[in-house]
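In what follows, chains carry the letters A, B, and so on, assigned in the order in which the sequence lines appear, proteins first and then strands, with residues in each chain numbered from 1.
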Amino acid sequence: MNNSKRAEIFARLAASNPAPTTELDYKTPYQLLVAVVLSAQATDKGVNRATRPLFRAHPTPESIVALGIEGLEEYIQSIGLYRTKARNVVELSRLLLERHGGEVPHDREALEALPGVGRKTANVILNTVFGEPTIAVDTHIFRLANRTGLAPGKDVREVEDRLNKVVPAEYKVNAHHWLILHGRYICKARTPDCPRCVIVDLCEFKDKTRE
DNA sequence: ATCCCGAGGG
DNA sequence: CCCTCTGGAT
C-alpha cells in the first residue's frame with residue numbers, strides 16, 4: 001500500500017470519527033490508569049460496570065490501598081483475571097504514592113515499572129493524559145492494521161513501529177483513538193461491517209468475509 | 001508459549 | 001458451544 005493511499009485513509013477516519021475519547025469511565029489520570037489495567041482481556045462495558053461503584057467509593061490511590069486486595073476483588077469479580085488485576089492495582093497504587101507522590105508519572109520507564117502496566121497501557125496514558133503521539137496497539141488496532149494492509153506486522157511492536165512511520169504528522173496525537181474506534185465498531189473481528197466502512201475501497205480485505 | 005480468568009457475543 | 005475481549009508477566 002502506498003503513502004497517498006494511507007494519507008487518504010487517515011483523512012477519512014479523521015472526518016468520520018467524533019472527537020477523540022476513550023470509552024472507559026474515569027475522572028482523573030489515576031482512575032484512567034486503573035481502568036486501563038483492568039481492561040486487559042475484558043470489555044470496556046464490563047470494566048465500566050465495575051469501576052463506577054469502585055471509583056465512587058474509592059477515588060484515589062490512598063483509598064484503594066486502604067481497600068486492599070480482597071476488598072478490591074469484590075468490586076472486580078465480574079471481570080476476567082480479577083485476582084491478578086486486584087493484586088496489581090493495589091501494588092501499583094502503593095508504588096504511585098511511594099515513588100510519585102500519588103500522581104501518574106509522565107514517563108514511559110516509570111509507567112512500565114508499575115505492575116500490570118506494559119507497553120500498551122503506558123502508551124494509552126502517554127497519549128490520553130499527556131497528549132503524546134503514541135499509538136497503543138491492542139487487539140483491535142493489530143487486526144485493523146493487518147487486515148486492511150495499512151501497517152501489517154507479525155507482532156504488536158512491529159505494527160506500532162510501522163504505524164508511527166505512516167501516520168501523517170497532523171494526525172499523530174489523535175490517530176490512536178480513531179483507529180481503535182474503527183477497529184471496535186466497524187472492522188470487527190468476526191463480522192466486519194464493510195458496508196458502513198469509509199475506507200472499504202482502499203482495503204486489501206474488502207472481498208473476504210473471514211481472515 | 002503459557003497462564004491468568006469471567007462475561008457476553010455470534 | 002466456541003471465540004473474543006482496548007494484555008502483562010513468567
Check this one for me: any side-chain N or O of [X] less than 4.0 Å away from OP1 or OP2 of [N]?
X: A/Q41; N: C/dC5; value: no
X: A/R49; N: B/dG8; value: yes
X: A/T43; N: B/dA7; value: no

Separation of [X] atom [atom1] from [N] atom [atom2], in whole Å?
X: A/D193; N: B/dG10; atom1: CG; atom2: C1'; result: 14 Å
X: A/I69; N: B/dC4; atom1: CD1; atom2: C1'; result: 15 Å
X: A/N88; N: B/dC3; atom1: CG; atom2: P; result: 19 Å
X: A/I76; N: B/dA7; atom1: CD1; atom2: P; result: 13 Å
X: A/I135; N: C/dT6; atom1: CD1; atom2: P; result: 18 Å
X: A/Q77; N: B/dC4; atom1: CD; atom2: C1'; result: 15 Å
X: A/D44; N: C/dC5; atom1: CG; atom2: C1'; result: 9 Å
X: A/I79; N: B/dA7; atom1: CD1; atom2: C1'; result: 10 Å

For A/R87 and A/K188, take the nucleotide of DNA chain B holding the closest heavy atom to each; which residue's nucleotide lies nearer the 5' end?
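Comparing both residues, the 5'-ward one is A/R87.
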Of the listed nucleotides ([options]), which one gets closest to any side-chain atom of [X]?
X: A/T121; options: B/dC5, C/dG8, C/dT4; answer: C/dG8
X: A/R184; options: B/dG10, B/dA7, C/dT6; answer: C/dT6
X: A/R190; options: C/dG8, C/dC5, C/dC3; answer: C/dC3
X: A/L81; options: C/dG7, B/dG6, C/dT6; answer: C/dG7
X: A/V124; options: C/dT6, B/dC5, B/dG8; answer: C/dT6
X: A/R143; options: B/dA7, C/dG8, C/dC5; answer: C/dC5
X: A/D138; options: C/dT6, C/dT4, B/dC4; answer: C/dT6

More than 12 heavy atoms of other groups within 6.0 Å of A/E109 CD
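No - once you tally the heavy atoms of other residues, nucleotides and ligands closer than 6.0 Å, there are 12 at most.
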Tell me whether the count of non-hydrogen atoms from other residues, nucleotides or ligands lying under 6.0 Å of CD in A/E74 goes above 12.
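At most 12 heavy atoms, drawn from other residues, nucleotides or ligands, come within 6.0 Å of this atom.
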Could you tell me how the ring of A/H58 sits relative to the ring of A/Y75: parallel (under 30°), tilted (30 to 60°) or perpendicular (over 60°)?
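Ring orientation of A/H58 relative to A/Y75: perpendicular.
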Between A/E91 and A/R94, is a salt bridge (Lys or Arg N to Asp or Glu O under 4.0 Å) present by the stated rule, with each step listed?
CA-CA 5 Å; A/E91 176 63 6; A/R94 197 184 67 71; 3.1 Å; yes
Are A/L163 and A/I199 connected in a single hydrophobic cluster, I mean Ile/Leu/Val/Met/Phe/Trp/Tyr linked by side-chain heavy atoms less than 4.5 Å apart?
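Looking at the clustering, A/L163 is in the same group as A/I199.
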How is [X] classified with respect to the nucleic acid when contacts are heavy atoms under 4.0 Å: base, sugar-phosphate, or nothing?
X: A/L114; result: sugar-phosphate
X: A/G116; result: sugar-phosphate
X: A/G80; result: base

Separation of the [atom1] atoms in [N] and [M], to the nearest angstrom:
N: B/dA7; M: C/dG8; atom1: P; result: 22 Å
N: C/dC3; M: B/dT2; atom1: P; result: 16 Å
N: C/dT6; M: B/dG10; atom1: P; result: 12 Å

For A/K45 and A/V117, find the nucleotide of DNA chain C closest to each by heavy atoms; which residue's nucleotide sits nearer the 5' end?
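With A/K45 and A/V117 compared, the 5'-side residue is A/K45.
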Between A/N127 and A/E132, is there a donor-acceptor pair closer than 3.5 Å when you use the side chain of the first and the backbone of the second?
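Yes; at least one donor-acceptor contact below 3.5 Å.
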